[in-house]
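Quick notes on the structure that follows.
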Amino acid sequence: MNFTDELVQWYLQNKRDLPWRNTTDAYIIWLSEIILQQTRVEQGLPYFYRFVEKYPDVSSFAAANEDEVLKLWQGLGYYSRGRNMLKTARLVEEQYHGKFPEKYDDLIKLKGIGEYTAAAIASFSANEAKAVVDGNVYRVLARFFGIYEPINSPAGKRNFQELANNLLNKKNPALHNQVMMEFGAMLCKPKNPACGICPVHTSCVAFTTNATTALPVKLKTVKVRERFLNYFLVTDGDTLLMNKRGDKDIWANMYDLPLIETSSLLPLNELLNLSAAHEIFGPEIKITSQAAPVQKHILTHQRLYIRLIKTETKPIKLEVNWFYTTVENLHSLALPKAIFILIKNIFNL
DNA sequence: AATACGGGGCA
DNA sequence: TGCCCAGTATT
């Protein structure tokens, strides 16, 4: 038996009894598929029952108002799904006279229905030969065939869809699609896959090369943190106040200036009214100038908004890592690029 | 081509 | 915490 035939046998013996598998009503399948987008079956199940009960057909859904739909959706997340459903129900009621479309090319045009959902509805309701590729299918294919191409790159998505299409059993697309997803959800799980009882593990590249935990590959979006760095330039022209940075943060052990970090860009007067500012300079701070406009500085994981505030007020208290140095001596201190840029024009560095 | 959009389960 | 879940729309 080949790969997919093995999985069909596994499926027939191990599948869950899920309510949307007992119908070919495109409307009911649509309900289930929208609810299950990025949502675990166990979490979506109670919502599915409530929606079917309240809106047994497209016409009743189309007659609902948005508040009502969103109330029923409450707690499920991704609320645009609910809003899009109402739009789609009304459009189907109008243009399809209440009969939910079953063809992929019609479905893909509807709000809230993308490639996956269109393929799912078309195959489950009318056995149209379209292969579904959801998170489960990505994982099963990446592992079994040992594909290291990222599943969330445009090229990767195309290639996995193409592979899924080639694998699709054209005689029974509905069964094939259910098999692939159920296998991924129940056995070839993201964590702790049950390879020991897997019917195809001897021919699975990931299993035989001990790479199940490495697959599928997913490009992680480097999440960029925003930080607002308010530096104070305390100088008489010949000396200035410096800070030696700690070893945990960016620019570890390098030198910058007295700093107040905020979680947003504060107006200058609000900044100077912070208790942090008062602790350093006392209640009366004389600002010479905001020496530079806010500078944007891009790091790999951080977006820094940096500004320099020049003051004549001497701090009433020095932090442990603060010290006065001469402008001459700046040449011997390791300054981050952003800090160097900030002060180079002031001291003709 | 990236990012926003949610809440929950799991290691 | 970080990852992932029967993805899609928007910028």
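Naming: A, B, ... by sequence-line order, numbering from 1 per chain.
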Spacing of [X] atom [atom1] relative to [N] atom [atom2], expressed in whole Å:
{"X": "Q178(A)", "N": "dA6(C)", "atom1": "CD", "atom2": "P", "value": "12 Å"}
{"X": "K218(A)", "N": "dC3(C)", "atom1": "NZ", "atom2": "P", "value": "9 Å"}
{"X": "I151(A)", "N": "dC3(C)", "atom1": "CD1", "atom2": "P", "value": "13 Å"}
{"X": "E115(A)", "N": "dA6(C)", "atom1": "CD", "atom2": "P", "value": "19 Å"}
{"X": "L215(A)", "N": "dC4(C)", "atom1": "CG", "atom2": "P", "value": "12 Å"}
{"X": "N136(A)", "N": "dA6(C)", "atom1": "CG", "atom2": "P", "value": "5 Å"}
{"X": "I113(A)", "N": "dT8(C)", "atom1": "CD1", "atom2": "P", "value": "9 Å"}
{"X": "F160(A)", "N": "dG7(C)", "atom1": "CZ", "atom2": "P", "value": "15 Å"}

So what does [X] touch, heavy atoms closer than 4.0 Å: a base, only the sugar-phosphate, or nothing?
{"X": "L76(A)", "result": "base"}
{"X": "W73(A)", "result": "nothing"}
{"X": "G184(A)", "result": "nothing"}
{"X": "L18(A)", "result": "base"}

Answer yes if the ring centres of [X] and [Y] are under 6.0 angstrom apart, and no otherwise.
{"X": "F3(A)", "Y": "F144(A)", "value": "yes"}
{"X": "W30(A)", "Y": "F61(A)", "value": "yes"}
{"X": "W73(A)", "Y": "Y47(A)", "value": "no"}

Taking [M] as the reference, what is the distance to [N] when you measure between their [atom1] atoms (whole Å, please)?
{"N": "dG6(B)", "M": "dT11(C)", "atom1": "P", "result": "15 Å"}
{"N": "dA6(C)", "M": "dC5(B)", "atom1": "P", "result": "23 Å"}
{"N": "dC5(C)", "M": "dA1(B)", "atom1": "P", "result": "22 Å"}

R81(A) (side chain) and dC5(B) (base): donor-acceptor pair under 3.5 Å: no
Looking at [N], I'd like to know if its phosphate oxygens (OP1 or OP2) sit under 4.0 Å from a side-chain N or O belonging to [X].
{"X": "T117(A)", "N": "dT8(C)", "value": "yes"}
{"X": "R139(A)", "N": "dC5(C)", "value": "yes"}
{"X": "Y78(A)", "N": "dA9(C)", "value": "no"}
{"X": "K111(A)", "N": "dT10(C)", "value": "yes"}
{"X": "Q38(A)", "N": "dG7(C)", "value": "yes"}

Contact nearer the 5' end of DNA chain B, comparing K191(A) with G77(A):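 It is G77(A) whose nearest nucleotide is closer to the 5' end.
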Which residue lies more 5' along DNA chain B, comparing Q43(A) with N192(A) via nearest heavy atoms: Q43(A)
Is [X] atom [atom1] crowded by more than 12 heavy atoms from other residues, nucleotides or ligands, each under 6.0 Å away?
{"X": "K337(A)", "atom1": "NZ", "result": "no"}
{"X": "K54(A)", "atom1": "NZ", "result": "yes"}
{"X": "K103(A)", "atom1": "NZ", "result": "no"}
{"X": "N65(A)", "atom1": "CG", "result": "yes"}

Nearest-nucleotide pick for P154(A), side chain only, options being dA6(C), dA1(B), dT8(C): dA1(B)
Closest to side chain of Y79(A), choosing from dG8(B), dG7(B), dT8(C):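 Nearest nucleotide to the side chain: dG7(B).
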5' precedence on DNA chain C between E42(A) and L110(A) (nearest-nucleotide basis):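 Final value for this comparison: E42(A).
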First encountered from the 5' end of DNA chain C, between A185(A) and I108(A): A185(A)
